[in-house]
Number of protein chains: 2
Amino acid sequence: MRDGPDISRIANLVGDPARANMLTALMDGGALTASELALEAGVTAQTASSHLGKLMEGGLLSLAAQGRHRYYSLAGPQVAAMLESIIGVAAAVGPQRTRPGPRDAVMREARICYDHLAGEHAVAMLDGFLARGVLIADGDEIRLGKSGPPHFAAVGIDTEAFRKQRRPICRACLDWSVRRSHLAGALGAAILDKIIAEKWARREAESRAIVFSPKGKMAFEKAFLA
Amino acid sequence: MRDGPDISRIANLVGDPARANMLTALMDGGALTASELALEAGVTAQTASSHLGKLMEGGLLSLAAQGRHRYYSLAGPQVAAMLESIIGVAAAVGPQRTRPGPRDAVMREARICYDHLAGEHAVAMLDGFLARGVLIADGDEIRLGKSGPPHFAAVGIDTEAFRKQRRPICRACLDWSVRRSHLAGALGAAILDKIIAEKWARREAESRAIVFSPKGKMAFEKAFLA
DNA sequence: CTCATACTTCGACGCTAATCGAACCGTCCG
DNA sequence: CGGACGGTTCGATTAGCGTCGAAGTATGAG
């Protein structure tokens with residue numbers, strides 16, 4: 001009845017909550033294992049496997065098998081752009097139903113995004129890193145600047161050790177609330193670890209929100225924003 | 001488990017074939033009645049009404065009630081852009097499954113889009129109209145040029161009669177195969193009517209493809225491309 | 001008023017698809 | 001080797017949704 005490519009087939013793939021969660025978790029361009037994606041989506045491994053199969057068949061994901069791990073990632077920037085635009089519509093249209101309460105304000109300020117910090121503080125932090133040359137934006141990628149390693153070593157984060165991992169050290173991750181990038185990757189994860197370890201902030205129960213203590217916030221700003 | 005707006009809710013709305021057809025039919029920015037959309041989607045009026053209700057609740061459509069007609073249109077350019085990007089992914093990913101056979105080549109060349117001509121011939125025709133000033137592009141809209149009415153009157157199409165209808169005379173409709181606009185609206189429908197009435201071309205059975213006869217093609221080009 | 005048209009609501013049917021338990025293939029490690 | 005772990009496949013259950021027939025509401029025409 002209609003011409004053109006099968007748009008509903010693609011949209012239907014994104015239309016399932018579990019699959020949508022998986023896709024958004026991959027939006028930073030990274031690769032995650034099937035188990036990680038199952039956890040992210042909040043479903044069991046079998047269910048996740050079924051979903052991943054459908055996403056593969058639909059051409060939205062690409063797969064890199066390494067040993068007994070299978071790393072899934074988005075099939076390309078076009079897919080990421082599509083998800084972006086859907087998020088845009090959902091954000092423009094969604095507020096009608098989820099009224100922004102105090103919890104949401106906290107979420108906007110600081111929260112956990114997979115394993116790193118997100119929200120206004122995270123965006124400000126990345127801005128600061130880039131402004132001071134601690135990190136350098138290289139197109140889509142982010143690299144350590146010359147002053148990077150000593151800067152992080154001063155607060156007890158060994159960037160040299162990251163190089164041994166397969167995981168990229170720095171990665172930009174789009175922040176839905178601020179609409180700009182924050183820092184993901186191994187370094188982003190290490191910074192979050194430090195925030196938790198130093199007890200500068202604590203996780204809200206049953207939520208992804210992060211609440212800084214007054215003293216913790218000052219220490220955090222001194223360490224990463226100065 | 002995940003932050004941000006409810007992306008799966010939006011995608012799910014587009015994920016149904018009937019709804020996807022309705023949305024793509026509205027992608028030219030025009031407004032269509034509930035009955036027209038039902039026809040476009042290939043479902044009954046009741047089913048269409050149910051779908052339209054969901055699309056409204058989801059914030060993807062806006063509604064203008066006029067008498068006993070209810071004109072639905074996309075809620076905004078953001079929605080259109082989202083659909084664009086989904087179409088882009090579907091087109092990039094789809095070809096793997098529907099290999100382009102001879103039937104598809106015919107479809108690309110000429111086919112019916114609701115009630116008007118689409119495909120390469122249709123795009124070339126609109127290009128010609130605009131180049132010669134028969135039609136004038138006015139931003140997103142298309143109007144009749146000064147030479148328009150006599151030009152169409154010469155082939156037996158009375159553009160004056162169109163003015164009595166509520167339906168817009170000219171409308172641009174995005175062509176999925178050529179990725180540029182072709183002519184829709186009352187004038188587009190009248191041209192297709194003439195093509196069929198003069199037996200310049202015939203409809204393929206069970207398909208939306210249109211096949212021109214050699215003589216018919218010459219007559220068509222003489223009438224609309226000269 | 002009566003009839004026709006445009007559209008929505010109600011109710012019931014059928015089918016798809018999401019989900020999980022359990023069993024089945026691999027790979028890594030001791 | 002054998003055991004642990006990561007992933008997928010199979011099967012069965014269940015819930016949700018799309019679909020249409022029929023009835024209901026509103027608008028317009030004669």
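For clarity, every value in this text was computed on a predicted model and none was experimentally measured. Quick note on labels: first sequence line is chain A, next is B, and so on, each numbered from 1.
Listed pair B/R70 / C/dT8 meets the phosphate criterion, a side-chain N or O lying under 4.0 Å from OP1 or OP2. For the OP1/OP2 pair of D/dG6 and a distance below 4.0 Å, the side-chain nitrogens and oxygens of A/Y72 include no atom meeting the criterion.
Contact annotation for A/A34: backbone-only contact, meaning every heavy-atom pair under 4.0 Å involves sugar-phosphate atoms and none involves a base.
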Is there a side-chain contact (heavy atoms from CB on, under 4.5 Å) between B/L23 and B/M27? Walk through the geometry before answering. CA-CA 6 Å; B/L23 290 169; B/M27 268 201 66; 5.9 Å; no
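For the pair B/V123 and B/L183, the minimum side-chain heavy-atom distance is 4.5 Å or more.
The backbone N or O of A/H51 sits nowhere less than 3.5 Å from a side-chain atom of A/R19 that would complete a donor-acceptor pair. Under the 3.5 Å distance criterion, the side-chain polar atoms of B/E198 are left unmatched by any main-chain donor or acceptor of B/I195.
Atom P of nucleotide D/dT8 and atom OH of A/Y71 are separated by 13 Å, given to the nearest angstrom. Counting to the nearest Å, the P atom of D/dG18 and the CG atom of B/L13 are 9 Å from each other.
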5' to 3', nucleotides 14-27 of chain C under a 4.0 Å protein heavy-atom cut-off (B base, S sugar-phosphate only, - none) gives ----SSBBB----B
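With hydrogens and angles left out, the side-chain atoms of A/T44 and A/T47 include a donor and acceptor closer than 3.5 Å.
The aromatic rings of B/F224 and B/W200 sit perpendicular to each other, their planes meeting at more than 60°, with 30° as the lower class boundary.
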